[in-house]
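Let me give you the structure first, and then I'll get to my questions.
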Amino acid sequence: MSTDPSPGAPGRRIGLLCLAVTALGWGLNWPILKSLLSEMPPLAARGMAGLLAATVLAGFAGLRGVPLAVPEGRWPALLTAALLNVTAWMGLATMGLLYLGAGEGAMICYTMPAWTALAAWPVLGERPSARRVLALLLGMAGVGILVTSGGLALDWGKMPGVAMILGGAILFSLGTVWFKRHPLGLHPIASVAWQVGLGCLPLALLSPLLEGFDPGSVSPHGWAAFLYMAAVPLCLCYLTWFAALAALPAGVAAIGTLATPAIGVLSGALLLGEEVGPRQALALLLTLAGILLAIGEGRRKEARA
């Protein structure tokens, strides 16, 4: 099945619009989630929002006539994908924001394409090329700049957050290549509904055991942020992402995600007053360069195939 449908001009414009909605919604989620964490603990925030999103996506799939039944023998692959792509990723990335700014978290998160290229070596047998290694080095250089302050001295207060978000990004990358090797045989909407629901269920169940959460203490602003996270990044943006993939070449859609960390940094500055100085700008440029190299390598492989 071709990954480049070569749509006409109207279809391409719709695809680009869907891509813009995806990048904007995912990028804005970083400062909104950071703000929400001041009122709601991380496991409760992500777990409950994910279960709500999964319910909405399952209902949407039902309205569209999309089957939700998991093919026989695919449950182990589905559970593994949910644990890596959702439980580990959303849990670790959300807790990491307790130690980092929204823009910093977004930049570290989007080293994922480079980690995915590296993870493909043990899982898929794809030996990393020089471009992939350089992409990873550039991304890690950006992370290194973020965790220093006053020259080369490490800002140890940020290290737990960096470790959590990097760990989440690496596990998500492993989940990506695992999913490629063990396809679920589900429609994309059904796949997301199952993975988000199953992946967020452990977070929601662990929350009462590990956190103190009083729903009555959450302000209307906090509940609005919670509903945004469930409705936009977890529902709308996944749907527009799949629409963009259907209407655009895969390489174009992937490069479009470059806007997400930039939006995360800028919206963090505008909404939360986070600093965007020369150090943050250099870190962002290095991260974007690493992402671009990693995605460019994937496009070259697709062209050769």
Side-chain angles (χ1 to χ4, degrees), residues 26 29-30 32-62 68-71 73-100 102 105 109 112 160-161 163-176 178-179 182 184 186 188-219 222-238:
W26 282 348
N29 189 51
W30 286 93
I32 289 173
L33 175 57
K34 175 72 174 180
S35 175
L36 177 61
L37 292 180
S38 66
E39 301 189 41
M40 188 179 294
L43 297 180
R46 278 295 203 184
M48 293 193 305
L51 292 179
L52 176 59
T55 302
V56 172
L57 285 169
F60 180 77
L68 288 169
V70 179
R74 295 288 84 196
W75 276 104
L78 174 59
L79 291 172
T80 302
L83 287 172
L84 291 173
N85 293 337
V86 180
T87 307
W89 162 237
M90 289 191 180
L92 290 172
T94 303
M95 290 189 291
L97 283 183
L98 297 175
Y99 301 89
L100 295 170
C109 155
M112 284 188 296
M164 289 177 187
I165 295 183
L166 267 182
I170 292 169
L171 289 171
F172 184 91
S173 300
L174 286 172
T176 299
W178 170 271
F179 186 81
H182 302 277
L184 302 178
L186 288 167
I189 298 174
S191 177
V192 172
W194 274 114
Q195 289 188 63
V196 170
L198 291 172
C200 286
L201 182 59
L203 303 180
L205 293 176
L206 285 172
S207 176
L209 302 176
L210 302 177
E211 304 172 327
F213 173 46
D214 177 13
S217 67
V218 180
S219 69
W223 284 117
F226 173 84
L227 291 175
Y228 171 88
M229 185 168 63
V232 178
L234 290 175
C235 287
L236 176 64
C237 289
Y238 270 115

Problem set entry | Under the side chain to side chain donor-acceptor pair (under 3.5 Å) test, residues paired with Ser207 that sit two or more places apart |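 Testing Ser207 for side chain to side chain donor-acceptor pair (under 3.5 Å), a comparison that skips the adjacent residues, returns Glu211.
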
For this session: Determine the minimum heavy-atom distance between Gly105 and Ile165, stating which atoms define it.
Result: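 Scanning both residues, the minimum pair turns out to be CA-CD1, 3.7 Å.
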
Problem set entry | Taking every non-hydrogen atom, the tightest pair across Leu100 and Gly161 |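 Looking at all heavy atoms of both residues, the closest pair is CD1-C, 3.6 Å.
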
Exercise. Any idea which heavy atoms bring Leu186 and Pro71 closest together, and the distance?
Worked result: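 Shortest heavy-atom contact: CD2-CD, 3.8 Å.
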
For this session: Applying side-chain contact (heavy atoms from CB on, under 4.5 Å), run through Ile32 and Met229 and close with a yes or a no.
Result: CA-CA 8 Å; Ile32 289 173; Met229 185 168 63; 5.6 Å; no

Exercise. So how far is it from Leu92 CG to Leu97 CG, rounded to the nearest 0.5 Å?
Worked result: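 Nearest 0.5 Å value for the CG-CG distance: 11.5 Å.
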
Exercise. Looking at CG of Leu98 and OG of Ser38, how far apart are the two atoms once the value is rounded to the nearest 0.5 Å?
Worked result: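 Spacing of CG (Leu98) from OG (Ser38) equals 10.5 Å.
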
For this session: With the side chain counted from C-beta on, respond yes when Cys237 and Val232 share a heavy-atom pair under 4.5 Å apart, and no when they do not.
Result: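 Sidechains of Val232 and Cys237: in contact.
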
Exercise. Minimum heavy-atom separation for Gly222 to Leu36, with atom names?
Worked result: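 That closest heavy-atom pairing would be O-CD1, 3.3 Å.
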
For this session: Quick one: closest heavy-atom pair of Ala49 and Ala230, and the distance?
Result: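 It is O-CB, 3.6 Å.
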
For this session: Report the distance from atom CG of Asp214 to atom CE of Met40, rounding to the nearest 0.5 Å.
Result: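 Between atom CG of Asp214 and atom CE of Met40 there are 10.5 Å.
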
Problem set entry | Trp75 and Leu198: CA distance, side-chain angles, deciding distance, side-chain contact (heavy atoms from CB on, under 4.5 Å) verdict | CA-CA 11 Å; Trp75 276 104; Leu198 291 172; 4.0 Å; yes

Exercise. Tell me the side-chain hydrogen bond (donor to acceptor under 3.5 Å, both in side chains) pairs involving residues 83-95, sequence neighbours left out?
Worked result: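 Matches after skipping sequence neighbours: Arg46-Thr94, Asn85-Gln195.
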
Problem set entry | For Ala88 against Leu171, the heavy-atom pair lying closest together |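 Where Ala88 meets Leu171 most closely, the heavy atoms are CB-CD1, 3.5 Å.
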
Exercise. Are Val70 and Trp194 close enough that some pair of their side-chain heavy atoms sits under 4.5 Å apart?
Worked result: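 Touching, per the 4.5 Å side-chain cut-off.
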
For this session: Enter the distance from Met48:CE to Leu43:CG here, rounded to the nearest 0.5 Å.
Result: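 Those atoms lie 10.5 Å apart.
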
Exercise. In Å, rounded to the nearest 0.5 Å, how long is the span from CG of Leu83 to CG of Leu201?
Worked result: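 Here the interatomic distance stands at 10.5 Å.
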
Problem set entry | Pairing residues for Tyr99 by the ring pair (Phe, Tyr, Trp, His ring centres under 6.0 Å) criterion, not counting sequence neighbours |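 For Tyr99 there are no ring pair (Phe, Tyr, Trp, His ring centres under 6.0 Å) partners, ignoring immediate neighbours.
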
Exercise. Do Tyr228 and Pro233 touch side chain to side chain, with heavy atoms closer than 4.5 Å?
Worked result: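 Sidechains of Pro233 and Tyr228: in contact.
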
Exercise. Stepwise, does the side-chain contact (heavy atoms from CB on, under 4.5 Å) test hold for Phe226 with Val218?
Worked result: CA-CA 10 Å; Phe226 173 84; Val218 180; over 6 Å; no

Exercise. Distance from Glu39 atom CD to Trp223 atom CH2, nearest 0.5 Å?
Worked result: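 Taking CD in Glu39 and CH2 in Trp223, the distance rounds to 10.0 Å.
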
For this session: For the residue pair Val86 and Leu203, establish whether any side-chain heavy-atom pair is separated by less than 4.5 Å.
Result: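 They are not in side-chain contact.
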
For this session: Given side-chain contact (heavy atoms from CB on, under 4.5 Å), test Leu57 with Leu234 step by step and report yes or no.
Result: CA-CA 9 Å; Leu57 285 169; Leu234 290 175; 5.9 Å; no

